[in-house]
Amino acid sequence: MEEKNKVRNGTKVMEFILLGFPGSQYLQMSIFMFFLIMYILSLLGNMFIIVLVIANRRLHTPMYFFLCNLSFLEIWYTTASIPKSLAIFLGRGRSISFTNCIIQLYFVFALGCTEYFLLSVMAYDRYLAICYPLRYSSIMDSQLSLQLAAGSWLCAFLIILIPAILITRLTFCGPNVINHFYCNIDSWIAISCTSTFEVEIAAFVISIVVILGPCVITFLSYIFIINTILHIPSAQSQQKAFSTCSSHLAVVLIWYGATIFLFVKPSNQISSDMNKIVSILSTIVTPMLNPFIYTLRNKEVKDTIRSSLHWG
């Protein structure tokens with residue numbers, strides 16, 4: 001009854017203020033330049049991967065089809081949050097409407113979930129390629145590749161509809177300041193003046209399904225991959241087999257390391273500050289690093305770049 005009276009007597013908030021990173025103007029400009037450079041590098045790097053794969057027929061394989069999907073995802077994942085963040089650091093456009101905040105939350109989390117699914121699909125693809133090389137082409141054909149990629153996108157965008165719809169049913173009548181540089185579920189829960197039980201349960205269940213499911217698939221895939229590689233008699237063949245999945249493994253470790261930490265909240269104050277710092281890793285640093293990891297650690301991609309540029 002007390003909660004209902006609070007809602008009835010309060011003014012319903014329909015616009016929010018994104019706090020970003022409080023500090024001096026010099027700090028704001030430094031963060032702005034960091035985000036801007038990272039964002040540009042992320043866009044250029046991921047676009048380069050997509051163009052490289054499309055333009056070279058030797059890369060028209062399931063592995064690089066999934067990589068194209070990942071690069072395409074990273075472009076939109078950063079774009080969903082970074083342009084608004086840049087405006088915040090410049091001291092402009094800190095306010096965001098309820099509708100735009102929900103839309104931003106939906107796309108950031110849906111694309112993040114898609115990345116979990118895609119990385120597990122890529123791990124499964126490497127498992128088939130290394131553990132069943134003779135049957136790989138017949139199993140992982142273009143139809144299955146398309147189905148796995150489409151399924152990753154569709155499942156992620158459907159599952160995030162649940163918390164997004166539940167959040168639209170919340171009421172906000174108190175402080176309208178979101179202590180972050182983009183809209184996320186924790187922020188909505190912190191400032192709502194009505195019960196957030198359903199949102200919290202939905203977020204918890206979804207995080208378990210989205211993180212644990214793909215994590216198990218990825219983990220088991222690499223157990224079988226490593227076991228198969230260790231049983232290859234030739235050291236050169238072992239190195240060649242591992243080189244085909246080392247790039248993906250590096251990306252998996254960085255992504256999981258950054259995003260899983262977001263669900264560890266030692267205390268309210270620490271988690272608020274640390275969440276923003278770790279969010280930088282997941283929303284802009286990781287998408288920027290992925291193209292460089294694939295171009296620097298993947299021999300086939302490096303050879304394709306050399307041949308495209310006519311280097312020896």
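Model, not experiment: these values are computed from the prediction. Scope of the values below: all heavy atoms of this structure, side chains included, with no hydrogens, waters or symmetry mates. In this chain, residues are counted from 1 in sequence order.
For Asp125 and Tyr136, the side-chain atoms include at least one donor-acceptor pair closer than 3.5 Å. Side-chain contact, Asn290 with Glu74: a donor N or O sits under 3.5 Å from an acceptor N or O.
Taking the six-membered ring wherever Trp is involved, the centroid distance between the rings of Tyr127 and Tyr222 does not fall below 6.0 Å.
In this structure, Phe157 and Trp153 have parallel ring planes: the angle between them is below the 30° cut-off, well short of the 60° mark. Using a 30° and 60° split on the angle between ring planes, Trp188 and Phe98 fall in the perpendicular class, above 60°. Ring geometry for Tyr116 against Tyr256 counts as perpendicular: the plane angle is over 60°, on a 0 to 90° scale with 30° as the lower cut. The aromatic rings of Phe181 and Phe35 lie perpendicular to each other, with more than 60° between the two planes, well past the 30° mark.
Note that CD1 of Ile96 and SG of Cys101 are 4.5 Å apart. Values are rounded to the nearest 0.5 Å. From Ile293, atom CD1 reaches atom CD1 of Ile49 across 10.5 Å, with rounding to the nearest 0.5 Å. Within the model, atoms CD1 of Ile254 and CG of Leu289 stand 5.5 Å from one another, a figure rounded to the nearest 0.5 Å. Taken to the nearest 0.5 Å, the OG atom of Ser42 stands 4.5 Å off from the CG atom of Asn46. We find the OH-CG distance between Tyr132 and Leu134 to be 12.0 Å, quoted to the nearest 0.5 Å. Atom CZ of residue Phe72 and atom CE of residue Met47 lie 10.0 Å apart, to the nearest 0.5 angstrom.
Distance alone, capped at 3.5 Å, places no donor-acceptor pair between the Ser71 side chain and the Cys68 backbone. Arg94 contributes a side-chain N or O that, together with a main-chain N or O of Leu19, makes up a donor-acceptor pair within less than 3.5 Å. One N or O on the side chain of His60 and one on the backbone of Ile54 form a donor-acceptor pair closer than 3.5 Å. Between the side chain of Ser192 and the backbone N or O of Ile189 there is no donor-acceptor pair closer than 3.5 Å. A side-chain donor-acceptor contact under 3.5 Å links Asn69 to the backbone of Phe65. Judged by distance alone, with hydrogens and angles left aside, the side-chain atoms of Asn184 form a donor-acceptor pair with the main-chain N or O of Ser187 at under 3.5 Å. Within the 3.5 Å criterion, the main-chain N or O of Leu27 finds a donor-acceptor partner in the side chain of Ser24.
Within the 4.5 Å cutoff, side-chain heavy atoms of Ile185 are placed close to those of Leu105. Proximity of Pro291 to Phe48: side-chain heavy atoms (C-beta onward) are nowhere separated by under 4.5 Å. Within the 4.5 Å cutoff, the side chain of Ser95 has no heavy atoms near those of the Phe16 side chain. Looking at Gln104 and Tyr182, their side chains come closer than 4.5 Å, going by heavy atoms from C-beta outward. By the 4.5 Å heavy-atom criterion applied to side chains, Leu119 and Leu70 are counted as neighbours. With contacts defined as side-chain heavy-atom distances shorter than 4.5 Å, the pair Leu111/Glu115 does not qualify. Two residues are said to be in side-chain contact when any heavy atoms from C-beta on lie closer than 4.5 Å; Tyr77 and Thr286 fail this criterion. The closest side-chain heavy-atom distance from Leu161 to Tyr106 is below 4.5 Å.
Of all non-hydrogen atoms in Ile284 and Thr78, the two that sit nearest each other are CA-CG2, 4.3 Å. Ser152 approaches Leu148 most closely through the heavy-atom pair OG-O, 2.9 Å. Closest non-hydrogen pair, Ile206 versus Pro163, comes out as CD1-CD, 3.3 Å. Of all heavy-atom pairs between Ala123 and Ile225, the closest is O-CD1, 4.1 Å. Of all heavy-atom pairs between Phe66 and Ser145, the closest is CE2-O, 3.4 Å.
Other residues, nucleotides and ligands contribute at most 12 non-hydrogen atoms within 6.0 Å of the CZ atom of Phe107. Counting non-hydrogen atoms of other residues, nucleotides and ligands closer than 6.0 Å to CD of Glu198 gives a total of 12 or fewer.
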Worksheet entry | Intermediate values then yes/no, side-chain hydrogen bond (donor to acceptor under 3.5 Å, both in side chains), Ser97 and Thr99 | CA-CA 5 Å; Ser97 69; Thr99 301; 4.9 Å; no
Worksheet item: Can you check side-chain contact (heavy atoms from CB on, under 4.5 Å) on Leu90 and Met29, steps first, answer last?
Response: CA-CA 7 Å; Leu90 285 178; Met29 285 305 300; 3.8 Å; yes
Discussion item. Between Thr194 and Phe172, is the side-chain contact (heavy atoms from CB on, under 4.5 Å) condition met? List the steps.
Written reply: CA-CA 7 Å; Thr194 50; Phe172 305 91; over 6 Å; no
Worksheet item: Between Tyr64 and Arg58, is a side-chain contact (heavy atoms from CB on, under 4.5 Å) present by the stated rule, with each step listed?
Response: CA-CA 10 Å; Tyr64 293 104; Arg58 64 184 293 187; over 6 Å; no
Worksheet item: Are Ile178 and Ile17 close enough, and set up right, to give a side-chain contact (heavy atoms from CB on, under 4.5 Å), and what steps lead you there?
Response: CA-CA 6 Å; Ile178 293 176; Ile17 305 298; over 6 Å; no
Practice prompt. Apply side-chain hydrogen bond (donor to acceptor under 3.5 Å, both in side chains) to Tyr39 and Thr79, showing your working.
Written response: CA-CA 8 Å; Tyr39 181 52; Thr79 301; 3.0 Å; yes
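Leu73 is connected to Leu44 through a chain of hydrophobic side-chain contacts under 4.5 Å among Ile, Leu, Val, Met, Phe, Trp and Tyr, so both are in one cluster. Clustering ILVMFWY residues whenever any of their side-chain heavy atoms sit less than 4.5 angstrom apart, transitively, puts Leu59 in a cluster other than the one holding Val51. A continuous path of hydrophobic side-chain contacts links Leu36 to Leu18 [ILVMFWY only; heavy atoms under 4.5 Å]. Both Ile37 and Phe21 are part of a single hydrophobic cluster, where members link through side-chain heavy atoms under 4.5 Å apart. Residues Leu249 and Ile226 fall into different hydrophobic clusters, defined by Ile, Leu, Val, Met, Phe, Trp and Tyr side chains chained together at heavy-atom separations under 4.5 Å.
Cys113 has its SG atom 2.5 Å or further from the SG atom of Cys155.
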